[in-house]
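Each remark here refers to the structure printed beneath this line.
Note that the numbering runs from 1 along the sequence shown for the chain. Heavy atoms only: backbone and side chains are in, while hydrogens, waters and symmetry mates are out. What you are looking at is a predicted structure, and each value in this text was computed from that prediction instead of being measured.
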Amino acid sequence: MPSATVAPATATEIADNNNYAISIADIYILSPGDSSQVTSPIQLTACLQPGTDGRVIVELRDEAGRILARQIHAIETTDLNIELAFEVSRPPLPAQLSVRTLDAYGRTQALNSVELTLLSEGPATIVPGSEQAHITLNQPADGQSVPANLIAVSGTTYVADTRPLSIQLITREGRVLAAREVYPQGELSRPAIFETVLAVSISEPTWVQIAVSAPGRNNAGPAHFIAVEVLLEP
């Protein structure tokens, strides 16, 4: 019999508790939380702002990155409550459950994920989710104009991982102008600080997304993602 769990908070309750509306950069996976052991179907509860197209993409991947289940939902509220069915041939199987939204240009707008163990039978063990922002960007600010030869990027991360964060500059057409990996400073404390300076050559003002992502523990793809869009000036 599945283990008993406490009902997760709703998006409205989270917003009320924190005295702010949920940002488009934040996706809270309330259940199942990281390190949960789950059977099919997964009862997914999350709160988020939908993408520009009003949709949210949910994916379940194995360690090799293969998609085990995928759903796209059009939502009108900040609460997401769905069932995600899966089949496994050789359980227990480590997997990553991700929730993602897209911006007006088809780029990832926000992404969050949890690491799960998939079971074919037996009792499930559901760990509560987290309302902690895994990555925060301190600079630059969304909509800011910055010189293309001096793009200072800094922020903090609660991701407990020894691997570097990935930073990319992505145009509205999807072209990557620059990419760099940066190791957070102060690994023994949380949050850890990261900072770097990027430079690109452009001939005209160009809107770019500054995207910062953290890798998953058991999956090659990104586990956490945050981004802002800035105007690069030649």
Side-chain angles (χ1 to χ4, degrees), residues 1-18 20 22-50 56-63 65 67-71 73 75 77-86 88 91-101 108 110-136 156-163 165 190-192 213-226:
M1 177 180 297
S3 60
T5 59
V6 177
T10 65
T12 301
E13 290 170 337
I14 288 178
D16 289 345
N17 290 338
N18 293 283
Y20 63 84
I22 297 172
S23 165
I24 61 172
D26 295 324
I27 295 177
Y28 299 111
I29 299 178
L30 305 179
S31 183
D34 213 33
S35 301
S36 292
Q37 297 181 341
V38 299
T39 54
S40 183
I42 298 172
Q43 306 292 324
L44 171 63
T45 301
C47 60
L48 70 159
Q49 291 286 353
V56 57
I57 302 167
V58 179
E59 292 181 333
L60 183 67
R61 295 176 179 265
D62 65 11
E63 289 181 292
I67 296 178
L68 304 176
R70 187 174 193 264
Q71 293 182 4
H73 293 271
I75 60 175
T77 70
T78 52
D79 291 313
L80 177 67
N81 296 279
I82 65 169
E83 290 187 352
L84 187 69
F86 65 86
V88 289
L93 180 69
Q96 181 189 77
L97 175 65
S98 67
V99 180
R100 177 167 56 102
T101 59
T108 297
L111 180 147
N112 197 7
S113 71
V114 291
E115 305 282 348
L116 305 174
T117 300
L118 306 184
L119 308 174
S120 60
E121 59 184 3
T125 303
I126 306 301
V127 177
S130 171
E131 299 169 24
Q132 175 67 61
H134 293 84
I135 307 172
T136 301
T156 57
T157 176
Y158 280 88
V159 178
D161 201 307
T162 58
R163 289 172 296 174
L165 301 174
R190 288 290 178 270
S213 60
R217 294 195 307 270
N218 300 317
N219 195 289
H224 311 290
F225 175 98
I226 191 171

> Less than 4.5 Å apart, any side-chain heavy atom of Pro50 and any of Val56?
Replying inline: no
> Is there side-chain contact between Leu97 and Val38, with heavy atoms separated by less than 4.5 Å?
Replying inline: no
> From His134 NE2 over to Thr156 OG1, what is the distance, rounded to the nearest 0.5 angstrom?
Replying inline: 12.0 Å
>> When you measure from the side chain of Asp34 to the backbone of Glu115, do you find a donor-acceptor pair of N or O atoms at a distance under 3.5 Å?
In response: yes
> Which heavy atom of Ala133 sits nearest a heavy atom of Tyr158, and at what distance?
Replying inline: O-CD1, 3.5 Å
> side-chain contact (heavy atoms from CB on, under 4.5 Å) between Leu118 and Leu68: does it pass, once the steps are laid out?
Replying inline: CA-CA 11 Å; Leu118 306 184; Leu68 304 176; 3.6 Å; yes
> Closest approach of His224 and Val159, non-hydrogen atoms and distance?
Replying inline: CD2-CG2, 3.8 Å
> Going from CG on Asn81 to OG1 on Thr45, what distance comes out if it is rounded to the nearest 0.5 angstrom?
Replying inline: 4.5 Å
>> Between Arg163 and Gly216 (side chain of the first, backbone of the second, donor and acceptor by atom type, cut-off under 3.5 Å), is there such a pair?
In response: yes
>> To the nearest 0.5 Å, what is the distance between CG on Asp26 and CD1 on Ile135?
In response: 11.5 Å
> Could you state the interatomic distance from CD (Glu63) to CG (Leu93), rounded to the nearest 0.5 Å?
Replying inline: 6.5 Å
> Between Gln96 (side chain) and Gly65 (backbone), is there a donor-acceptor pair under 3.5 Å?
Replying inline: no
